[in-house]
Protein chains: 2
Amino acid sequence: MRRDSRLSGVLHILLHMARQSEPLTSEALARAMATNPVVVRRTMAGLRDTGLVHSEKGHGGGWTIARDPARITLHDIYLALGKPDVLAMSNRNDAPGCLVEQAVNEALGSAFAEAEALLLRRFSEVTLAQLSESFDRRFAKRGADFALETIHAE
Amino acid sequence: MRRDSRLSGVLHILLHMARQSEPLTSEALARAMATNPVVVRRTMAGLRDTGLVHSEKGHGGGWTIARDPARITLHDIYLALGKPDVLAMSNRNDAPGCLVEQAVNEALGSAFAEAEALLLRRFSEVTLAQLSESFDRRFAKRGADFALETIHAE
DNA sequence: TCTCATGTAACTTTACATGGTACATGATGA
DNA sequence: TCATCATGTACCATGTAAAGTTACATGAGA
């Protein structure tokens, strides 16, 4: 099963966006995510629709953060991405007629639900601003040139 | 992302196996899982190699449980299946040079690890015997004909 | 020795996320 | 006004992993 890394990728570019005021184009963001500008637009569309980011066309256009990073949690971003699957496993059959399978589903289902709830709770406890501060600490330790274009250049 | 339901499927047929002493053929198990006999053998191969089940060739052959169900946990089965992915999400890059992405990875990674650990802990707390008892309670409530062949017939 | 059943390699099919192309829309600036 | 830049999005191509399938070897009864 291929694992979904959109949340990770989106967080990465959101943090870069949070650290500068000028809009960043899909093309620049695509370089940072090592992907295609269209994939960036497609992924960011959900964040735009839920008001987390803003996009502007034309000269000087691109993407900017539309809300205070201290008021954006990982859970907000998870929702904006369309609630992607959290777990790679699931029950085989949601409404089995077989009582044996019902017993299996109940046990597995409650374990799955607990793990998923834990992860989403963690997501709601972390803000973009906290991640940015975490970056600041790393930067203070081993400062260097971390301009988006420079660090992600090939 | 397609979700893995092998654990669910395997538990289902293990419970059926635990409730009768004669060996069950791959073909009979495949009917219960609505799949193919070869898929069953492939999936069960890991359980056989770790000693959870036994297989016998020839007339009267098939699959039987090789250990006391009270001593088989869901975690044992998870291991026998080759530790399939638990989470559908992951970090985009395991060892990024970008400090921004490192900050993201740390936050997401610890949340992922907690959720995965919780699920595996739950797995190790549940035995096949407990699931079988759960079935017994359901059966007592609305008893019917639960022979493997009957209940899964089309 | 015939039949039944597993063991397994190899191939095909299916599902789906991602990658990529094309073009419409709209904003900016000369 | 017109050329340019950037997003919006429909549509198609591609890569990949799980599941399904076929084929045949192996071994165990009857």
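Throughout, a chain's letter reflects where its sequence line sits, starting with A, and its residues are numbered from 1.
Two residues are said to be in side-chain contact when any heavy atoms from C-beta on lie closer than 4.5 Å; Asn105(A) and Glu101(A) meet this criterion. The shortest side-chain heavy-atom distance between Ile13(B) and Trp63(B) does not fall under the 4.5 Å cut-off. At least one side-chain heavy atom of Glu114(B) sits less than 4.5 Å from a side-chain heavy atom of Leu118(A). Between Asp76(B) and Arg67(B) the shortest side-chain heavy-atom distance falls below 4.5 Å.
Listed candidates were dT7(D), dA5(C), dT21(C). Nearest to the side chain of Asn36(A) is dT21(C). Each of dG19(C), dT9(D), dA28(D) was ranked by its minimum atom distance to the side chain of Val39(A); first place goes to dG19(C). Comparing dT8(C), dT7(D), dT18(C) by their nearest atom to the side chain of Arg48(B) picks out dT8(C). Of the listed nucleotides (dC5(D), dA10(D), dA23(D)), dA10(D) has the atom at the smallest distance from the side chain of Val38(A). Counting only heavy atoms from C-beta on, Ser55(A) has its side chain closest to dG8(D) among dG8(D), dA6(D), dT6(C). Comparing dA27(C), dT6(C), dT18(C) by their closest approach to the side chain of His59(A) singles out dA27(C).
If you take CD of Glu22(B) and P of dA5(C), they are 14 Å apart, rounded to a whole angstrom. Nucleotide dA17(C) holds its P atom 8 Å from the CZ atom of Arg6(A), rounded to whole Å. Nucleotide dG20(D) holds its P atom 8 Å from the CE atom of Met33(B), rounded to whole Å. If you measure from atom CZ of Arg3(A) to atom C1' of dT18(C), you get 18 Å, rounded to the nearest angstrom. Regarding Leu81(B), its CG atom lies at a distance of 19 Å from the P atom of dA17(D), rounded to whole Å. Atom CG of Leu47(B) is separated from atom C1' of dT6(C) by 15 Å (rounded to the nearest Å). Atom CG of Leu7(B) is separated from atom P of dA18(D) by 15 Å (rounded to the nearest Å). In this structure, CD of Glu27(B) is placed 17 Å from P of dT3(C), rounded to the nearest angstrom.
OP1 or OP2 of dC5(D) has not a single side-chain nitrogen or oxygen of Thr25(A) nearer than 4.0 Å. Phosphate contact (OP1/OP2 of dT7(D), side-chain N/O of Arg41(A), threshold under 4.0 Å): present.
When each of Trp63(B) and Gly58(B) is assigned the nucleotide of DNA chain C with its nearest heavy atom, Gly58(B) is the one assigned upstream, toward the 5' end. Nearer to the 5' terminus of DNA chain C, by closest-nucleotide assignment, is the contact made by Ala34(A) (compared with the other of Ala34(A) and Lys57(A)).
Residues satisfying the side-chain hydrogen bond (donor to acceptor under 3.5 Å, both in side chains) test with Ser132(A), not counting sequence neighbours, are Arg19(A).
Using a 4.0 Å heavy-atom cutoff across all strands shown, Gly60(A) reaches no nucleic acid atom at all.
One can find a donor-acceptor pair under 3.5 Å joining the base of dG20(D) and the side-chain atoms of Arg42(B).
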